[in-house]
Colleague: 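Structure below; questions to follow.
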Amino acid sequence: MMPLVHIELIEGRSEEQLKNLLKDVTDAVTKNTGAPAEHVHVVLSEMKKNRYSVAGVLKSEEK
C-alpha cells in the first residue's frame, strides 16, 4: 500500500509552513490508513498567482 496525496496551492507560504503541512498530511494518512509514514508520498504543487483565478479574477489582481 502506497498512499499518494496531491496538494495544489497558490504560492506564498513559507518553507516552514509547507514542511508543517507535509508532516501533518503524512501523519493524517498514516493514522487513518495504517500505512507506515515511509510509504506515504505527497506531491505539492505551487501555482503562481497569475495562473489561478476565481470568478474570472486572477489571484494576482486581488486586493
Colleague: Within this structure, what is the OG1-NE2 distance for the pair Thr26 and His39, rounded to the nearest 0.5 Å?
Modeller: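 With rounding to 0.5 Å, OG1 (Thr26) is 13.0 Å from NE2 (His39).
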Colleague: Can you list every side-chain hydrogen bond (donor to acceptor under 3.5 Å, both in side chains) pair that touches residues 43-61, not counting sequence neighbours?
Modeller: Lys59-Glu62
Colleague: With a 6.0 Å cut-off (strictly less than), is the heavy-atom count around CD of Glu15, excluding the residue itself, greater than 12?
Modeller: no
Colleague: Salt-bridge test for Asp27 and Lys23: reply yes if a basic N is under 4.0 Å from a carboxylate O, no otherwise.
Modeller: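 Yes, charged N to carboxylate O under 4.0 Å.
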Colleague: How far apart are the closest heavy atoms of Thr30 and Ala35, and which atoms are they?
Modeller: CG2-O, 3.2 Å
Colleague: Same cluster or not: Leu44 versus Ile10, using hydrophobic residues (I, L, V, M, F, W, Y) connected whenever any side-chain heavy atoms lie under 4.5 Å apart?
Modeller: no
Colleague: According to a hydrophobic-cluster definition based on side-chain heavy atoms being under 4.5 Å apart (Ile, Leu, Val, Met, Phe, Trp, Tyr only), do Ile7 and Val29 belong together?
Modeller: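 Same cluster: Ile7 reaches Val29 through Ile, Leu, Val, Met, Phe, Trp or Tyr contacts under 4.5 Å.
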Colleague: Would a single hydrophobic cluster contain both Val5 and Leu21, if residues Ile, Leu, Val, Met, Phe, Trp and Tyr are joined by side-chain heavy-atom contacts under 4.5 Å?
Modeller: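 Shared cluster, yes.
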Colleague: Less than 4.5 Å apart, any side-chain heavy atom of Leu18 and any of Leu9?
Modeller: yes
Colleague: Using the rule that Ile, Leu, Val, Met, Phe, Trp and Tyr join whenever any side-chain heavy atoms are under 4.5 Å apart, tell me whether Leu22 and Met47 fall into a single cluster.
Modeller: no
